[in-house]
Asker: 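First the structure, which I've put down as structure tokens, then a few questions once you've had a look.
Residues: numbered from 1 along the sequence shown.
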Amino acid sequence: MQSWFLYAVVAAILYGLHQVFTKMASERISDGLGGFVVEGSAALTILLYLGYLWLGKKWNQTSSSPGVFYSVLTGICVGAGTIVFFLLFQKGGPLSAVPMILAGGGAIMAVAGIAFFKEPPSWPRLLVIVLALIGLFLLRAPAGK
């Protein structure tokens, strides 16, 4: 088993729960305020993690200008994406559509990995990209038809 696999499983569980809770919240809070609460609590969680590293004398954090720049871009994408998911759910979008939406994002990541990070293309990876895009396209069809 790859050394990163357990992290992948935990991340999948946490991001899955993220969308479940976003769906539940979207019925009870507006998109902007809900997004702010989500991102603020995320920042607090990370701050607690940094405090744990600092107080536990396990500090291993480094940075560079490009690292900060790309982290800011990531934050912008996460913040905007959170607002869009709130809007999607408030407009009646089903929770069951989220995996196909995220698969579309997965296709973007796979293409970027191959095109920009020189990850080797393979037929299974290319097939996953095509299937993810097909799944995203199929969301356009009304449910139950």
Asker: If only atom types and distance count, is the side chain of K23 paired as donor or acceptor with the main-chain N or O of G93 below 3.5 Å?
Answerer: yes
Asker: Report yes if some heavy atom in the side chain of F89 is under 4.5 Å from a heavy atom in the side chain of V98; otherwise report no.
Answerer: yes
Asker: Side-chain atoms of residues 41-55: list all donor-acceptor pairs with protein atoms under 3.5 Å, sequence neighbours left out, distances to 0.1 Å.
Answerer:
unit_1: S41; atom_1: OG; unit_2: V37; atom_2: O; d: 2.9
unit_1: S41; atom_1: OG; unit_2: V38; atom_2: O; d: 2.9
unit_1: T45; atom_1: OG1; unit_2: S41; atom_2: O; d: 2.9
unit_1: Y52; atom_1: OH; unit_2: K58; atom_2: NZ; d: 2.9

Asker: Cluster question for you: counting only ILVMFWY and a side-chain heavy-atom cut-off of under 4.5 Å, with indirect links fine, are I76 and V84 together?
Answerer: no
Asker: Let me confirm one number: the CG-CE distance from L17 to M24, rounded to the nearest 0.5 Å.
Answerer: 10.5 Å
Asker: If you round to the nearest 0.5 Å, how far is OG of S30 from CZ of F86?
Answerer: 8.5 Å
Asker: Taking a hydrophobic cluster as the set of Ile, Leu, Val, Met, Phe, Trp and Tyr residues connected by side-chain heavy atoms closer than 4.5 Å, whether directly or through intermediates, do I134 and I101 fall within one such cluster?
Answerer: no
Asker: Between atom CZ of F21 and atom CG of L14, what is the distance when rounded to the nearest 0.5 Å?
Answerer: 10.0 Å
Asker: Side chains of L95 and T22, heavy atoms from C-beta outward: is any pair under 4.5 Å?
Answerer: no
Asker: How far does CD of Q19 sit from OG of S26, to the nearest 0.5 angstrom?
Answerer: 10.0 Å
Asker: Any link between F85 and L136 through a network of hydrophobic side chains (Ile, Leu, Val, Met, Phe, Trp, Tyr) touching at under 4.5 Å?
Answerer: yes
Asker: Locate the shortest heavy-atom distance separating S63 from V68; write the atom from each residue and the value.
Answerer: CB-CG2, 4.3 Å
Asker: Determine whether Y70 and L73 make a side-chain contact, defined as any pair of heavy atoms from C-beta on separated by less than 4.5 Å.
Answerer: yes
Asker: Spell out, yes or no, whether V9 and V20 are grouped together once hydrophobic residues are joined by side-chain heavy atoms under 4.5 Å, including indirect joins.
Answerer: yes
Asker: As an exercise, state the distance from CD1 of I83 to CG of L88, rounded to the nearest 0.5 Å.
Answerer: 13.5 Å
Asker: Is any side-chain heavy atom of R125 less than 4.5 Å from a side-chain heavy atom of P120?
Answerer: yes
Asker: Identify the two heavy atoms, one from A132 and one from A107, that lie closest to each other, and give their separation to 0.1 Å.
Answerer: CB-CB, 4.0 Å
Asker: Taking Q90 for its side chain and I29 for its backbone only, find out whether a donor-acceptor pair lies under 3.5 Å.
Answerer: yes
Asker: Do V111 and L133 land in one hydrophobic cluster if side-chain heavy atoms of ILVMFWY residues count as linked below 4.5 Å?
Answerer: yes
Asker: Nearest heavy-atom pair of G35 and T82: which atoms, and what distance?
Answerer: CA-CG2, 3.8 Å
